[in-house]
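This report concerns only the one structure given below.
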4 protein chains.
Amino acid sequence: MNTFGRIFRISIFGESHGQEVGIVVDGCPAGLSLAPDDFLEDMNRRRSGAAGTTGRREEDKPRIVSGVFENKATGTPILITFSNRDTRGEDYSSFQDIPRPGHADFASYRKYGGYNDFRGGGHFSGRLTVALVAAGVIAKKILSPAEIRSEILEAGGSPEIGKNVKAAQKEGDSIGGIVECRVLGLPVGLGEPFFDSTESLVSHMVFSIPGIKGIEFGAGFQCSRMKGSECNDPLIDTDGKTENNHAGGINGGLTNGNDLIFRAAIKPPSSIAREQTTVNIKTGKKTSFSVKGRHDVCIALRIPVILEASAAIVLADLLLIEHKRPRIMR
Amino acid sequence: MNTFGRIFRISIFGESHGQEVGIVVDGCPAGLSLAPDDFLEDMNRRRSGAAGTTGRREEDKPRIVSGVFENKATGTPILITFSNRDTRGEDYSSFQDIPRPGHADFASYRKYGGYNDFRGGGHFSGRLTVALVAAGVIAKKILSPAEIRSEILEAGGSPEIGKNVKAAQKEGDSIGGIVECRVLGLPVGLGEPFFDSTESLVSHMVFSIPGIKGIEFGAGFQCSRMKGSECNDPLIDTDGKTENNHAGGINGGLTNGNDLIFRAAIKPPSSIAREQTTVNIKTGKKTSFSVKGRHDVCIALRIPVILEASAAIVLADLLLIEHKRPRIMR
Amino acid sequence: MNTFGRIFRISIFGESHGQEVGIVVDGCPAGLSLAPDDFLEDMNRRRSGAAGTTGRREEDKPRIVSGVFENKATGTPILITFSNRDTRGEDYSSFQDIPRPGHADFASYRKYGGYNDFRGGGHFSGRLTVALVAAGVIAKKILSPAEIRSEILEAGGSPEIGKNVKAAQKEGDSIGGIVECRVLGLPVGLGEPFFDSTESLVSHMVFSIPGIKGIEFGAGFQCSRMKGSECNDPLIDTDGKTENNHAGGINGGLTNGNDLIFRAAIKPPSSIAREQTTVNIKTGKKTSFSVKGRHDVCIALRIPVILEASAAIVLADLLLIEHKRPRIMR
Amino acid sequence: MNTFGRIFRISIFGESHGQEVGIVVDGCPAGLSLAPDDFLEDMNRRRSGAAGTTGRREEDKPRIVSGVFENKATGTPILITFSNRDTRGEDYSSFQDIPRPGHADFASYRKYGGYNDFRGGGHFSGRLTVALVAAGVIAKKILSPAEIRSEILEAGGSPEIGKNVKAAQKEGDSIGGIVECRVLGLPVGLGEPFFDSTESLVSHMVFSIPGIKGIEFGAGFQCSRMKGSECNDPLIDTDGKTENNHAGGINGGLTNGNDLIFRAAIKPPSSIAREQTTVNIKTGKKTSFSVKGRHDVCIALRIPVILEASAAIVLADLLLIEHKRPRIMR
């Protein structure tokens with residue numbers, strides 16, 4: 001459902017074209033500094049505007065409604081909301097009966113018996129990731145001094161990202177990409193045995209981001225082509241450092257003292273200007289259409305900060321479970 | 001932690017060299033037929049014995065302790081246990097201070113302050129997957145008539161699996177592999193919005209299997225190299241069938257009426273006969289060692305039925321949440 | 001934490017003197033009718049204004065932010081918020097170092113290292129029950145045609161409620177009371193075995209209401225003084241109806257087809273005009289004070305609708321788990 | 001369901017007349033000493049044998065199956081099981097169609113579509129509390145040096161317990177009672193805001209014990225008859241000590257540094273030798289019967305140690321969430 005986490009617990013809500021999207025963040029340690037400006041950098045990194053991103057412009061200014069008093073977390077639930085201002089309902093109304101390929105339109109129509117909010121994908125829109133990034137800002141503060149970094153490795157099948165974006169834009173098409181995320185300075189032993197392995201929790205959160213179709217840790221799929229003698233990472237000191245890091249910083253589901261590394265595969269945005277076909281679910285007839293609304297050519301460009309947030313949210317929870325963070329006292 | 005699921009909920013326990021491993025399965029619909037023989041086929045598929053698998057021989061005969069009365073589920077928790085008989089504690093005692101590369105030895109030593117059961121990886125052993133497969137047998141019955149199939153696609157980097165296994169065995173080394181799982185006949189609309197997307201839950205469960213380093217759905221990482229016009233799966237009928245299935249049967253986290261398809265990357269087993277190096281965590285000195293115990297050359301050979309169980313457990317839970325299964329009445 | 005429920009799941013937030021209090025309601029069945037006017041009746045019943053209730057006046061107009069489209073639930077999370085308008089921060093600032101007896105002031109100061117929002121009890125204020133009542137309105141619709149009724153049985157130790165309230169008000173004091181709640185028309189078999197018995201879940205929710213100090217089901221404490229031959233409720237038909245209802249409609253934690261009945265004991269409000277003593281937590285010195293802020297003389301007067309909401313929230317979740325509610329299709 | 005707890009998490013299973021009952025205890029801190037003898041005292045306190053308790057004799061010897069290595073908790077799930085030896089299935093088979101008043105027979109028959117294990121109440125039997133007591137032994141060790149004490153205050157309506165038990169036994173009847181539990185030495189600030197108040201969690205757990213019909217904290221129901229000036233507990237030092245303890249050690253759902261006190265009302269056992277009436281659910285005919293099986297005259301006699309276990313389990317979880325217990329390192 002729309003809740004995640006055991007100590008650091010988040011509940012997300014909202015729709016692409018509703019009044020507001022947002023998130024409730026429960027379990028934030030009391031005393032953590034939290035001011036509206038703390039969100040600026042990550043909000044800017046997620047925001048559209050660069051070549052290849054949607055023309056929709058949102059201010060993305062977080063409103064901190066509860067759980068913060070005099071710029072410090074109180075320890076009780078923090079509600080953060082974002083207004084949806086630049087919504088154009090009329091762009092989508094014609095799609096009510098013709099599910100767009102690649103979107104949740106058909107499945108959510110069936111799941112919700114036709115009562116889903118179809119405007120812009122409703123609750124299934126990437127718009128909700130703005131709330132995830134906000135929770136990520138808080139999570140990163142909890143994780144500090146551990147650091148999270150993320151970058152796009154390739155888009156459209158190559159590292160020539162700018163060139164591929166431009167070409168796709170010209171064709172009225174879209175492209176996917178691969179983004180890598182790296183967490184430095186984590187303590188050893190985060191993660192819980194069996195079901196709550198670090199990989200389990202990180203992948204759980206990452207696959208909640210719309211458009212992700214694959215994830216791998218460390219050498220990932222490449223591991224399946226290695227020999228054990230090659231893939232194993234020999235320990236070189238008593239802090240856990242290993243000679244190489246094919247494991248991506250995780251053994252047996254637990255962080256092992258090396259950088260945590262994972263990569264996610266992002267599909268090309270499903271909304272494209274080029275003509276596509278689908279079936280009218282009322283009439284059963286094949287239909288052609290093209291998406292006139294604003295959309296991203298390459299959503300992968302906006303994914304790095306969202307991936308960081310996802311990792312931070314999971315790791316902050318694991319850190320708090322492991323008692324690795326000292327309590328703040330006034 | 002060691003619990004997973006919202007309606008169909010499992011709790012796993014045990015260690016490689018303890019008395020028993022097993023699982024509590026809560027939320028199984030009352031009236032479901034369940035006899036010891038129902039477990040035979042999947043237990044056999046998981047069991048070692050073929051070339052490339054460990055010499056450890058366990059009977060893997062499930063003991064159904066509770067929750068079943070006259071071969072029918074009662075609706076209350078089902079405990080299933082498996083004895084560990086063929087354990088050789090002495091094989092491992094020498095490793096207490098020298099963490100084996102690729103294993104959870106170092107991280108679990110730190111996490112548990114030195115109190116972890118180090119024999120054969122303890123709770124972090126692949127031995128626990130026998131319990132997962134048992135829960136999978138029940139889950140498959142709940143999912144029926146939907147069907148789950150799984151097969152190994154490659155090992156050691158190629159489809160020449162037998163050849164690669166033999167070569168690695170000869171060298172005292174090990175190899176990884178890639179396994180694909182496919183679920184046919186699922187209803188439309190399983191999966192919950194945002195955090196409990198079908199991909200989130202399946203990947204969560206799959207990464208709890210020791211040795212998995214990557215997962216992808218549908219075209220997966222290949223999606224990241226496609227254009228939108230190519231990757232989108234146009235709808236061709238009002239049941240949700242699409243022209244192709246790059247999405248792997250999932251849109252917006254919800255099943256869409258097509259086959260659910262995913263692949264997992266399995267690393268080569270970390271225990272190999274060849275000499276390896278590590279560091280003694282007491283002395284800090286570099287140490288050479290080789291694993292004399294029994295071990296798999298290619299654990300990927302035993303993964304298909306475990307992957308099926310993982311998918312079945314998640315999907316049975318989602319099916320029961322969605323109310324798609326009629327209640328059995330006497 | 002601030003989340004409750006397995007299918008019908010709520011997350012509450014806010015403080016007495018913050019901007020807004022509210023609730024996220026997840027798992028509401030799609031298609032359920034939901035308009036702002038639906039909340040009016042229960043909001044009015046909870047609101048202060050009658051003799052014996054606080055002078056604080058809030059409009060308590062719900063703002064439905066997400067999860068509802070064209071007055072129908074979409075099936076995704078519903079955020080409902082209430083503005084705090086009539087807050088007088090200055091009333092409370094002088095209490096920062098002198099914890100008021102009976103309130104959470106001391107314990108929350110310690111728990112949160114001094115970072116708690118101390119204004120009016122912050123997150124521990126009864127103000128949050130406005131959000132609970134809002135979730136209750138939705139839950140009651142899900143439960144329909146089952147009906148929930150609640151009434152105050154006594155206040156200040158007798159059924160002469162009005163008289164006792166007036167007397168206490170005159171003395172600058174406060175009084176407690178007992179409220180009974182009754183649910184009619186529930187299906188047989190709600191409740192889950194062992195930990196999630198109906199009594200467990202109802203009491204869990206009821207004790208989250210500030211000021212509750214006891215709960216009993218059916219004959220409750222009086223059962224402890226009965227003989228088995230007297231307390232047992234003989235079955236009189238195959239629908240589960242019993243001759244009497246000492247069990248309060250629950251056997252073995254499961255609803256049994258009779259009215260579900262429970263009573264809650266509500267303590268007198270802790271804020272009173274009369275002088276009280278406490279200790280200054282900075283100086284350790286004994287201090288006298290009296291509460292000048294607005295406060296209820298008898299909070300029990302406002303509890304009936306809150307108790308109904310609590311029961312409805314729990315039972316709606318159990319009903320949805322049991323699949324007893326037909327899906328709405330357009 | 002059959003799982004409870006956030007960090008210290010238990011999963012219970014078994015039936016009155018099945019092979020074994022037991023519990024999985026997850027989240028126990030690694031390094032905690034745990035030997036079979038540690039369970040003796042509490043097992044003996046729960047066991048029947050005294051006047052007024054059932055003639056069923058079970059050895060109640062715990063088998064620690066996993067999670068403990070060399071008498072220390074490993075930090076991974078602990079499975080503890082108890083054999084059912086003294087079961088007499090034949091005592092109950094005649095009750096399959098005639099639900100016994102006061103028992104879960106009718107409701108569970110309906111809930112599980114007739115597939116419930118009807119022998120001795122199956123999963124709804126008080127037999128499962130042996131597993132709860134076992135988990136309580138571990139929880140008490142985690143809570144140490146805080147201490148838990150419990151005693152029966154009255155049975156059959158008066159403190160003359162022995163006399164009342166004998167009289168009821170003679171009449172072939174049964175009696176209820178009231179048990180008080182007290183926890184000394186808890187830190188300030190346990191409990192989570194709103195839904196996870198200490199009262200919410202304790203009552204949740206206590207109502208899972210078969211036969212409990214009411215609970216009250218501190219002065220409880222008596223609070224409802226007090227004035228605020230009387231009920232409030234004035235603080236007398238900066239550790240939180242109060243002049244009296246009407247609150248039962250809890251304010252705003254948080255422990256406040258005073259003894260945590262609660263009382264539970266236990267109904268008379270439903271199985272009595274005297275003739276009772278019910279309805280045959282197959283034929284709809286009224287039927288007379290009397291219970292020939294062994295049963296307790298006053299189950300309240302065995303409740304004190306079960307109440308202690310319930311409180312300990314909840315408080316151990318809250319303590320671990322609050323990080324108040326130092327980690328054990330070898």
Side-chain angles (χ1 to χ4, degrees), chain A residues 1-2 4 12 99 101-102 104 106-107 110-111 123-124 157 173-174 176-178 188-189 192-197 199-200 203-204 207-208 213-214 216-217 220-221 223-225 227-229 231-235 238 240 251-252 254 256 265-270 272 274 277-279 281 284, chain B residues 1-2 4 12 99 101-102 104 106-107 110-111 123-124 157 173-174 176-178 188-189 192-197 199-200 203-204 207-208 213-214 216-217 220-221 223-225 227-229 231-235 238 240 251-252 254 256 265-270 272 274 277-279 281 284:
Chain A
M1 291 174 81
N2 283 58
F4 191 86
I12 204 166
F106 174 78
R110 280 289 159 86
K111 183 179 185 73
H123 184 65
F124 295 86
D173 215 327
S174 65
I178 294 178
V188 176
E192 299 289 305
F194 226 82
F195 299 123
D196 289 354
S197 76
E199 292 110 324
S200 286
S203 68
H204 188 139
F207 277 117
S208 70
K213 295 308 281 186
E216 57 179 9
F217 292 83
F221 273 83
C223 285
S224 72
R225 290 151 200 142
K227 298 208 164 142
S229 57
C231 185
N232 283 349
D233 303 317
L235 204 67
T238 57
N251 289 131
L254 310 177
N256 68 11
I266 298 103
K267 71 172 188 179
S270 302
I272 52 175
R274 291 181 63 165
T277 65
T278 186
V279 163
I281 43 175
Chain B
M1 291 175 80
N2 283 59
F4 191 86
I12 204 165
F106 174 78
R110 281 291 160 85
K111 182 178 185 74
H123 184 64
F124 295 87
D173 217 327
S174 66
I178 294 178
V188 176
E192 299 289 306
F194 226 81
F195 299 124
D196 289 353
S197 75
E199 293 110 323
S200 286
S203 69
H204 188 139
F207 277 117
S208 70
K213 296 308 284 184
E216 56 178 9
F217 292 82
F221 274 83
C223 285
S224 72
R225 289 151 200 141
K227 298 210 164 142
S229 57
C231 186
N232 282 350
D233 303 317
L235 203 67
T238 57
N251 289 130
L254 309 178
N256 68 10
I266 298 104
K267 71 172 187 179
S270 301
I272 52 175
R274 291 182 62 167
T277 64
T278 186
V279 164
I281 43 176

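Keep in mind that the numbers below use all heavy atoms, side chains included, and drop hydrogens, waters and symmetry copies.
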About how many Å separate [atom2] of [Y] and [atom1] of [X], when rounded to the nearest 0.5 Å?
| X | Y | atom1 | atom2 | result |
| --- | --- | --- | --- | --- |
| B:Asn256 | B:Leu235 | CG | CG | 8.5 Å |
| A:Ile12 | A:Met1 | CD1 | CE | 14.0 Å |
| B:Asp233 | A:Phe106 | CG | CZ | 13.0 Å |

So what's closer than 4.5 Å to chain A heavy atoms on [X]: side chain, backbone, both or neither?
| X | answer |
| --- | --- |
| B:Ile272 | side chain |
| B:Ser197 | side chain |
| B:Phe217 | both |

Leading residue by heavy atom contact count with chain A [cutoff under 4.5 Å; candidates [options]]:
| options | result |
| --- | --- |
| B:His123, B:Arg225, B:His204 | B:His204 |
| B:Pro193, B:Gly220, B:Pro234 | B:Pro193 |
| B:Val188, B:Asn251, B:Ile178, B:Thr278 | B:Asn251 |
| B:Pro269, B:Pro99, B:Ala107, B:Gly284 | B:Ala107 |

Identify which of [options] forms the greatest number of heavy-atom pairs closer than 4.5 Å to chain B.
| options | value |
| --- | --- |
| A:Ser203, A:Gly252, A:Ala104, A:Gly102 | A:Ser203 |
| A:Cys231, A:Gly157, A:Ser208 | A:Ser208 |
| A:Ser270, A:Cys223, A:Ser200 | A:Ser200 |
| A:Lys267, A:Glu199, A:Arg110 | A:Glu199 |
| A:Gly214, A:Gly240, A:Ser229, A:Gly189 | A:Ser229 |

Between A:Lys227 and B:Asp173, does any side-chain N to carboxylate O distance fall below 4.0 Å?
no

Please report the C-alpha distance between B:Lys213 and B:Phe207 in whole Å, then the side-chain angles of each, then the deciding distance to 0.1 Å, and finally whether the side-chain contact (heavy atoms from CB on, under 4.5 Å) criterion is met.
CA-CA 7 Å; B:Lys213 296 308 284 184; B:Phe207 277 117; 5.6 Å; no

According to the interplanar angle, ranging from 0 to 90°, do the rings of B:Phe4 and A:Phe195 count as parallel (below 30°), tilted (30 to 60°) or perpendicular (above 60°)?
tilted

